[in-house]
Amino acid sequence: MAMDLDAYLGVSAPALRIRGQRTEQLAVNLANAETPGYKARDIDFSAALSAATGGNPNFASSEAFLKYRTPLAPSLDGNTVDVQLEQSAFAENSVRYQATLSFLSGSFRSLITAITGQ
């Protein structure tokens, strides 16, 4: 009897991929905190996850879900990166990434236990 691994893992695998892409974007924002004219961007996680789990076979990247941040207080040089906001989002995303990774790890451990019977 064949098993659909994607169905077994549910939203965890695409969520992990999107969280990884979001981590990269937040790091880019932080790296450009002093770049004049740089516009901070972030991934709309729920929209990207909906697209990834909605059976869209062409979903490979969350690039279409990148949105510009609305700055609370843009700098005079046009840079919209708020370092504290970015650091907070990065930390929160890191915790959620780790939680998703732990859930996936547990799912694989359960699957291995079911296969080996140990």
Side-chain angles (χ1 to χ4, degrees):
M1 179 171 161
M3 181 180 156
D4 184 4
L5 191 58
D6 288 335
Y8 176 73
L9 296 176
V11 300
S12 297
L16 190 67
R17 183 174 57 251
I18 296 166
R19 291 244 176 251
Q21 292 169 347
R22 185 168 185 236
T23 298
E24 291 174 16
Q25 182 58 51
L26 294 170
V28 167
N29 288 347
L30 285 167
N32 285 290
E34 300 296 323
T35 304
Y38 180 80
K39 307 293 183 209
R41 298 172 74 181
D42 197 1
I43 293 173
D44 182 350
F45 181 80
S46 21
L49 186 60
S50 292
T53 58
N56 184 349
N58 297 324
F59 186 89
S61 170
S62 56
E63 183 75 28
F65 303 98
L66 267 176
K67 307 292 181 200
Y68 287 99
R69 284 202 194 274
T70 304
L72 298 173
S75 64
L76 294 176
D77 65 3
N79 186 304
T80 62
V81 175
D82 179 341
V83 174
Q84 291 178 336
L85 180 94
E86 298 299 329
Q87 288 174 335
S88 172
F90 190 91
E92 182 256 343
N93 191 64
S94 295
V95 168
R96 290 179 185 264
Y97 182 92
Q98 186 62 44
T100 305
L101 194 58
S102 295
F103 185 79
L104 273 172
S105 178
S107 296
F108 281 117
R109 275 194 304 276
S110 297
L111 188 59
I112 289 170
T113 299
I115 291 170
T116 62
Q118 296 179 5

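On a predicted model such as this, the values are computed, not experimentally measured, just so you know.
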Student: Does some side-chain heavy atom of Asp42 sit less than 4.5 Å from a side-chain heavy atom of Lys67?
Tutor: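 No, side chains not in contact.
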Student: When rounded to the nearest 0.5 angstrom, what distance separates CZ in Phe65 from CD1 in Ile43?
Tutor: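 The distance works out to 10.0 Å.
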Student: Check for a donor-acceptor pair, side chain of Ser102 on one end and backbone N or O of Gln98 on the other, with a separation under 3.5 Å.
Tutor: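 Yes, because the side chain of Ser102 sits within donor-acceptor range (under 3.5 Å) of the backbone of Gln98.
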Student: Could you list the residues that satisfy salt bridge (charged side-chain N to carboxylate O under 4.0 Å, His left out) with Arg96, not counting sequence neighbours?
Tutor: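 Only Glu92 meet the salt bridge (charged side-chain N to carboxylate O under 4.0 Å, His left out) criterion with Arg96.
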Student: Do Phe108 and Phe103 belong together in a cluster built from hydrophobic side chains that touch within less than 4.5 Å?
Tutor: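 Looking at the clustering, Phe103 is in a separate group from Phe108.
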Student: Can you hop from Val28 to Leu66 via hydrophobic side chains spaced under 4.5 Å?
Tutor: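 Hydrophobic grouping puts Val28 apart from Leu66.
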Student: Where is the tightest heavy-atom contact between Val83 and Leu30, given as atom of each residue plus distance?
Tutor: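 Nearest heavy atoms, Val83 then Leu30: O-CD2, 4.0 Å.
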Student: Say you draw a straight line from OG1 of Thr23 to CZ of Phe90; how long is it, rounded to the nearest 0.5 Å?
Tutor: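 Rounded to the nearest 0.5 Å, the OG1-CZ separation comes to 5.5 Å.
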Student: With sequence neighbours left out, what residues match Arg19 under salt bridge (charged side-chain N to carboxylate O under 4.0 Å, His left out)?
Tutor: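 Listed in chain order: nothing, the list is empty.
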Student: Are the side chain of Asn79 and the backbone N or O of Asn32 linked by a donor-acceptor pair below 3.5 Å?
Tutor: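 Yes; at least one donor-acceptor contact below 3.5 Å.
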Student: Is a donor from one side chain sitting under 3.5 angstrom from an acceptor on the other, for Asn29 and Tyr38?
Tutor: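 Side chains of Asn29 and Tyr38: pair found under 3.5 Å.
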Student: Looking at every non-hydrogen atom in both residues, tell me the closest pair between Ala40 and Glu86 and how far apart they are.
Tutor: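 Reported closest heavy-atom pair: CB-OE2, 3.8 Å.
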Student: Any side-chain heavy-atom pair from Arg69 and Asp82 closer than 4.5 angstrom?
Tutor: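 Not in contact.
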Student: Please tell me whether Phe45 and Leu26 are part of a single hydrophobic cluster in this structure, the criterion being side-chain heavy atoms less than 4.5 Å apart.
Tutor: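 Different hydrophobic clusters.
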Student: What is the minimum heavy-atom distance between Thr53 and Pro14, and which atoms define it?
Tutor: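 Distance-wise, the nearest heavy atoms are CG2-CG, 3.8 Å.
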Student: With a cut-off of 6.0 Å (strictly less than), are more than 12 heavy atoms of other residues, nucleotides or ligands near CD of Gln87?
Tutor: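 Counting neighbours around CD of Gln87, more than 12 heavy atoms of other residues, nucleotides or ligands fall under 6.0 Å, so yes.
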Student: Please round to the nearest 0.5 Å and tell me the distance separating atom CD1 of Ile18 and atom CD of Gln25.
Tutor: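 Between atom CD1 of Ile18 and atom CD of Gln25 there are 14.0 Å.
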Student: Looking only at heavy atoms, which two atoms of Lys39 and Gly78 are closest? And how far apart?
Tutor: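 Closest approach of Lys39 to Gly78, heavy atoms only: NZ-O, 2.9 Å.
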Student: Got a second to check how far Thr100's OG1 is from Asn93's CG, nearest 0.5 Å?
Tutor: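 If we round to the nearest 0.5 Å, Thr100:OG1 and Asn93:CG are 9.0 Å apart.
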